[in-house]
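Have a look at the structure below, then the notes.
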Amino acid sequence: MSRSQQLDRPGPPAGPPGDDSGCTILHVDMDAFYASVELISRPELHGTPVIVGGGNRGVVLSATYEARRFGVHSAMPMSRARRLCPQATVVAPTHGRYSQVSAGVMEIFRSITPLVEPLSLDEAFLDVAGAVRRLGRPAEIGTLIRDRVADEQGITCSVGVATTKFVAKLASTRCKPDGMLIVPAAGVVAFLHPLPVAALWGVGEKTEKELVRLGLHSVGDIANTPRSTLVRAVGQATGSHLHALAWGRDERSVVPHEPDKSIGAEETFASDVDDPQVVRRELLRLCERTAARMRTHGLAGRTVSIKVRFADFTTITRARTLKEATDVAQEIYATARGLYDALGLDRARIRLVGVRVEGLADSGTTPRQLLLGERSRGRREVEQAADRAVARFGRGTVGPASLVTSDPAAPPDPSRPPDPSG
DNA sequence: TCTGGGGTCCTCTCCCTA
DNA sequence: TCTGTAGGGAGAGGACCC
């Protein structure tokens with residue numbers, strides 16, 4: 001018996017038997033991905049409500065369909081989810097495991113076609129035009145993928161098959177869970193027009209409100225509205241974009257590797273913080289984490305930005321562009337700390353801080369001007385050595401002293417006079 | 001009713017330069 | 001030399017996606 005049979009899958013649902021000619025774009029989306037991965041190691045929870053999430057101020061990362069029946073959905077505050085479904089088993093996320101399963105799934109995709117564009121851990125676009133002669137029609141390839149994911153990874157996925165990315169993505173959403181939906185080229189408009197405006201890629205809460213205010217409720221309404229009217233309502237880019245999508249026009253191709261444009265990290269405090277020393281220490285930790293990830297990816301960046309969210313949820317960002325790209329945590333921290341100090345916050349209650357580095361380029365091809373008197377083996381080499389130690393002995397084995405002692409004092413900042421507390 | 005974390009993209013504004 | 005203007009880059013904030 002195959003794993004797909006063991007999973008007790010209901011079989012292909014409801015898609016119109018349709019003509020899949022030219023429908024070479026597949027969107028594959030794992031069903032309740034994090035929750036499904038947790039069920040692999042806890043099969044006794046199959047068929048019960050399970051919520052993946054955690055922290056006293058966290059949100060739901062994923063929930064089984066049994067939990068969703070109670071109104072639980074991802075991004076919902078955990079406190080609310082617990083109230084809606086008190087009988088649910090709450091599981092803390094295990095991100096390493098999700099990455100493992102995701103890598104296995106992407107490997108399956110790449111054995112079908114090299115044209116795989118991952119969107120996140122749990123979904124990807126595939127262009128299977130080049131695989132049709134070898135593996136059969138797009139619908140057959142979709143079935144093959146669903147079976148292999150179930151057999152080899154023990155989870156289910158849904159597949160949308162269409163002529164464009166946008167329609168394929170909508171199709172996979174409409175056939176969840178564990179389904180496949182083919183939208184033939186001739187049926188695109190009939191498929192799209194009855195859908196609500198929020199189905200369109202790029203329409204969130206605010207834009208939906210604005211469109212409904214104009215009396216536009218369905219995708220068909222958008223399609224039959226002059227583009228100039230849409231542009232006036234929601235802006236040039238969004239207006240043109242929505243009008244094109246509403247007629248099924250989407251020129252984007254499947255791009256296997258898009259380089260990262262920014263890398264960052266942010267953290268919500270367990271409770272609001274008004275001590276600048278605590279905030280600075282958190283900034284340092286985030287800079288360390290960001291820089292380590294940049295070095296792992298071989299990237300360096302020029303623009304450092306910080307984000308501060310206050311207790312009332314208002315959020316501000318500040319950014320500064322450096323003369324040269326860097327992947328050194330201490331340089332990123334010096335800039336981030338400068339930006340934070342320049343805010344001049346006086347015991348403001350802070351909920352979250354974040355650090356992000358933009359303007360990324362390959363660190364191997366990014367020239368570094370050695371300053372007069374600067375030692376050739378400096379902070380960068382120290383941090384690279386720390387990377388090697390962490391890779392060998394695990395996270396937390398090496399790091400700045402200020403992060404491993406109870407002293408909240410900030411570390412030495414090259415742009416400032418010596419800090420008496422540090 | 002309480003809102004994570006990691007991202008991308010767009011719009012607006014300001015400043016500098018030609 | 002002064003003024004107006006257009007364009008580009010940077011910065012800030014917002015909306016959106018998963």
Side-chain angles (χ1 to χ4, degrees), chain A residues 27-30 32-34 51-62 71-84 92-93 95 98-99 102 117-125 165-166 169-170 172-173 197-211 231-242 252 255 258-270 272 286 289-290 293-294 297 301-323 335 339 342-343 351-360:
Chain A
H27 179 257
V28 188
D29 197 349
M30 304 303 120
F33 180 57
Y34 292 0
I51 298 172
V52 180
N56 58 345
R57 307 172 107 186
V59 295
V60 174
L61 291 176
S62 178
V72 175
H73 57 79
S74 58
M76 170 184 281
M78 281 299 291
S79 52
R80 183 151 181 245
R82 283 196 174 97
R83 270 202 307 279
L84 286 171
H95 292 283
Y98 308 146
S99 298
S102 173
E117 180 180 336
L119 292 181
S120 62
L121 283 182
D122 70 328
E123 61 178 307
F125 285 112
K165 287 165 85 170
F166 163 62
K169 178 147 174 58
L170 274 184
S172 72
T173 308
V197 289
L200 290 173
W201 184 285
V203 177
E205 197 183 335
K206 304 271 178 175
T207 310
E208 182 186 9
K209 267 191 185 148
E210 181 59 24
L211 294 170
V231 166
R232 267 199 307 278
V234 296
Q236 177 66 50
T238 307
S240 304
H241 169 75
L242 295 185
R252 297 169 305 165
V255 183
E258 283 280 17
D260 288 335
K261 298 192 171 146
S262 71
I263 289 182
E266 58 191 62
E267 189 83 26
T268 299
F269 294 110
D272 298 340
L286 295 170
R289 209 199 292 174
T290 300
R293 283 178 51 208
M294 290 169 70
H297 290 88
R302 275 188 68 204
T303 302
V304 176
S305 70
I306 64 163
K307 172 162 142 183
V308 178
R309 175 167 291 155
F310 299 100
D312 68 356
F313 230 71
T314 57
T315 307
I316 58 171
T317 59
R318 293 292 183 269
R320 185 174 298 158
T321 299
L322 307 173
K323 285 201 170 63
T335 310
L339 290 167
L343 291 173
R351 178 187 181 89
L352 166 150
V353 286
V355 173
R356 180 161 297 280
V357 180
E358 300 160 47
L360 299 181

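Each chain gets a letter, A, B and so on, in the order its sequence line appears, and its residues count up from 1. Values reported hereafter were calculated over all heavy atoms of this structure, with side chains retained and with hydrogens, waters and symmetry mates removed.
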Measure the distance from CD on Glu123(A) to C1' on dG6(B) and round it to the nearest whole Å. 14 Å
Any ion pair linking Glu266(A) and Arg309(A) (charged N to carboxylate O, less than 4.0 Å)? no
Is the shortest side-chain N/O distance from Arg309(A) to OP1 or OP2 of dC2(B) below 4.0 Å? no
Check this one for me: any side-chain N or O of Arg351(A) less than 4.0 Å away from OP1 or OP2 of dT3(B)? yes
Contact under 4.0 Å: Thr317(A) side-chain N or O vs dG13(C) OP1/OP2: yes
Nearest-0.5 Å distance, CG of residue Leu211(A) to OG1 of residue Thr238(A): 9.5 Å
Dump the intermediate steps for side-chain contact (heavy atoms from CB on, under 4.5 Å) on Ser74(A) and Leu61(A), then the final yes or no. CA-CA 5 Å; Ser74(A) 58; Leu61(A) 291 176; over 6 Å; no
Rounded to the nearest angstrom, tell me the gap between atom NE2 in His241(A) and atom P in dC9(B). 12 Å
When you measure from the side chain of Ala319(A), which nucleotide among dA12(C), dG13(C), dT3(B) comes out closest? dA12(C)
Is Ser74(A) touching bases, backbone alone, or none of the nucleic acid, heavy atoms closer than 4.0 Å? nothing
Judged by nearest nucleotide, the residue sitting upstream toward the 5' end of DNA chain B, Arg80(A) or Asp260(A), is Arg80(A)
Tell me: CD of Glu208(A) to C1' of dA15(C), nearest whole Å? 13 Å
The nucleotide from dG13(C), dG4(B), dG5(B) with an atom nearest the side chain of Leu352(A) is dG5(B)
Measuring from atom CG of Leu84(A) to atom CE of Met76(A), what distance do you get when rounded to the nearest 0.5 angstrom? 5.0 Å
Can you work out whether Ile263(A) or Ala311(A) has the more 5'-proximal nearest nucleotide on DNA chain B? Ala311(A)
Fit a plane to each ring of His95(A) and Tyr34(A), take the angle between them on a 0 to 90° scale, and name the class: parallel (under 30°), tilted (30 to 60°) or perpendicular (over 60°). perpendicular
Out of His73(A), Met78(A), Arg80(A), which one pairs with Val60(A) under the side-chain contact (heavy atoms from CB on, under 4.5 Å) rule? Met78(A)
Nearest-angstrom distance from the residue atom CE of Met78(A) to P of dT1(B): 19 Å
Look at the side chain of Pro77(A) and decide which nucleotide, out of dA12(C), dG4(B), dT3(B), has an atom nearest to it. dT3(B)
Rounded to the nearest 0.5 angstrom, the CZ-CD1 distance for Arg356(A) and Ile306(A) is 13.5 Å
Full working for side-chain contact (heavy atoms from CB on, under 4.5 Å) between Ile316(A) and Lys307(A): CA-CA 6 Å; Ile316(A) 58 171; Lys307(A) 172 162 142 183; over 6 Å; no
Sugar-phosphate, base or nothing in reach of Lys169(A), heavy atoms under 4.0 Å: sugar-phosphate
Atom CG of Leu343(A) to atom C1' of dG11(C): distance rounded to whole Å? 13 Å
Using a heavy-atom cut-off of under 4.0 Å over every strand shown, decide if Ala265(A) touches base, sugar-phosphate, or nothing. sugar-phosphate
Which of dT3(B), dT8(B), dC2(B) is nearest the side chain of Val59(A)? It is dT3(B)
Round to a whole Å and report the spacing from NE2 of His73(A) to P of dT1(B). 14 Å
Distances for protein N/O vs nucleotides 6-9 of chain C N/O pairs under 3.5 angstrom?
none

Check the geometry between Phe313(A) and dT3(B) and answer yes if their rings are stacked (centres below 5.5 Å, planes below 30°), otherwise no. yes
Would you measure the distance from the C1' atom in dG4(C) across to the matching atom in dC15(B) and give it in whole Å? 16 Å
The contact string for nucleotides 11-16 of chain B, one letter per nucleotide 5' to 3', using protein heavy atoms under 4.0 Å with B, S and - for base, sugar-phosphate only and none, comes out as S-----
Residue Arg318(A), side-chain heavy atoms: nucleotide from dA12(C), dG6(B), dG5(B) that is nearest: dA12(C)
From the list Arg351(A), Arg57(A), Arg289(A), salt bridge (charged side-chain N to carboxylate O under 4.0 Å, His left out) partner of Glu267(A) resolves to Arg289(A)
Answer with base, sugar-phosphate or nothing: what part of the nucleic acid does Val60(A) contact at a heavy-atom distance below 4.0 Å? nothing
Which of the following nucleotides, dG11(C), dC9(B), dC18(C), is nearest to the side chain of Thr321(A)? dG11(C)
Atom CG of Leu286(A) and atom C1' of dG6(B) are separated, to the nearest Å, by 12 Å
Of the candidate nucleotides dG13(C), dG5(B), dC9(B), which contains the atom at the shortest distance from the side chain of Lys261(A)? dC9(B)
Can you tell me which nucleotide in dG4(B), dC2(B), dG6(B) comes closest to the side chain of Ser79(A)? dC2(B)
Please determine if Arg302(A) and Glu358(A) form a salt bridge, counting it only when a charged side-chain N lies under 4.0 Å from a carboxylate O. no
Could you work out the separation of dC2(B) and dC17(C) based on their P atoms and round it to a whole Å? 25 Å
Ser262(A) side chain near dT8(B) phosphate (N/O to OP1/OP2, under 4.0 Å): yes
Nearest-neighbour nucleotide for the Glu267(A) side chain, dG5(B), dT8(B), dG4(B) considered: dG5(B)
Phosphate OP1/OP2 of dG5(B): any Thr268(A) side-chain N/O under 4.0 Å: yes
Glu123(A) vs Phe33(A), test: side-chain contact (heavy atoms from CB on, under 4.5 Å). Steps then yes/no. CA-CA 9 Å; Glu123(A) 61 178 307; Phe33(A) 180 57; over 6 Å; no
Please tell me which of the listed nucleotides, dG4(B), dG11(C), dC16(C), lies nearest to the side chain of Leu61(A)? dG4(B)
On DNA chain C, compare the nucleotides closest to Leu200(A) and Arg302(A); which residue's is nearer the 5' end? Arg302(A)
Assign each of Thr303(A) and Thr315(A) the nucleotide of DNA chain C bearing its closest heavy atom; nearer the 5' end lies the nucleotide of Thr303(A)
Under a plain distance cut-off of 3.5 Å, with no hydrogens placed, do Thr321(A) and Thr303(A) share a side-chain donor-acceptor pair? yes
Expressed in angstrom and rounded to an integer, what is the separation of His27(A) atom NE2 from dC17(C) atom P? 13 Å
